[in-house]
Amino acid sequence: MTDLHDAVVELTGPGGEVFRFRYGATIPYAGQDYVVLLEMEDTEDGEEQILVTRLEEENGEMSFVVAEEEDVISAVFAKYVALSTQTGLDGLTDAE
């Protein structure tokens, strides 16, 4: 799989607006790898926009397909939060 750790991903919305995301994590779920993308721009309410996507390759081109199934989004997001929490706790342990 492509190394996305330092990648900036630009996605174009239906109205042509471009959104910039950074890589959050790759989360396996139900036999599929999902990529969590974190929006780089601040929103008006200060909330971070998170997208759950599948990375697909077609004709040698990689594309992100946004997951639309609520159960998939919920499960992948829960795994991402657990991973982020564990990584944060590991970082605290390493710092001691």
Side-chain angles (χ1 to χ4, degrees):
M1 178 176 271
T2 304
D3 182 17
L4 297 171
H5 287 88
D6 296 322
V8 172
V9 178
E10 291 185 348
L11 301 178
T12 305
E17 187 176 359
V18 175
F19 300 91
R20 293 169 41 97
F21 293 84
R22 64 184 167 83
Y23 173 83
T26 300
I27 306 290
Y29 176 73
Q32 176 81 42
D33 283 339
Y34 289 87
V35 177
V36 176
L37 298 176
L38 310 168
E39 189 170 15
M40 295 177 72
E41 286 82 25
D42 292 334
T43 61
E44 292 175 12
D45 60 7
E47 292 292 318
E48 186 173 54
Q49 170 85 12
I50 297 175
L51 282 182
V52 175
T53 65
R54 290 184 312 280
L55 189 59
E56 295 184 357
E57 182 176 356
E58 186 173 319
N59 300 327
E61 300 238 348
M62 302 302 286
S63 63
F64 292 88
V65 177
V66 178
E68 296 180 8
E69 306 86 358
E70 286 297 323
D71 58 329
V72 170
I73 294 168
S74 294
V76 171
F77 181 71
K79 285 182 149 198
Y80 171 71
V81 169
L83 176 67
S84 296
T85 302
Q86 184 61 46
T87 301
L89 292 176
D90 288 346
L92 288 175
T93 303
D94 293 342
E96 293 177 358

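Sequence neighbours left out, not one pair with a member in residues 63-75 passes salt bridge (charged side-chain N to carboxylate O under 4.0 Å, His left out).
Listed by chain and residue number, M62 satisfy the side chain to side chain contact (heavy atoms under 4.5 Å, CB included) test with E57 (two or more places apart in sequence, or in another chain). Under the rule for a side chain to side chain contact (heavy atoms under 4.5 Å, CB included), the partners of V81 that lie at least two apart in sequence or sit in another chain are F77, T85. Listed by chain and residue number, E17, F21, E39 satisfy the side chain to side chain contact (heavy atoms under 4.5 Å, CB included) test with F19 (two or more places apart in sequence, or in another chain). Every residue two or more places apart in sequence or in another chain that forms a side chain to side chain contact (heavy atoms under 4.5 Å, CB included) with E10 is listed here: V18, R20. Partners of E61 by side chain to side chain donor-acceptor pair (under 3.5 Å), not counting sequence neighbours: none found.
Taking 4.5 Å as the limit, some side-chain heavy atom of L37 sits within range of a side-chain heavy atom of L11.
For the atom pair OG of S63 and CZ of R54, the computed distance is 9.5 Å after rounding to the nearest 0.5 Å.
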**Report entry** side chain to side chain contact (heavy atoms under 4.5 Å, CB included) evaluation trace for L55 with D33
**Finding:** CA-CA 8 Å; L55 189 59; D33 283 339; over 6 Å; no

Report task. Run the numbers on Y23 and V35 for side chain to side chain contact (heavy atoms under 4.5 Å, CB included), then give the verdict. Result -> CA-CA 8 Å; Y23 173 83; V35 177; 4.0 Å; yes

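F64 and T53 make their closest contact through CD2-OG1, 3.3 Å (heavy atoms, listed as atom of the first residue, atom of the second, distance). A pairwise comparison of heavy atoms in Y34 and Y29 identifies CE1-O, 3.6 Å as the closest pair. Across every non-hydrogen atom of A25 and L83, the tightest pair is CB-CD2, 3.9 Å. Here the closest non-hydrogen pair linking L38 and G24 is CD1-CA, 3.8 Å.
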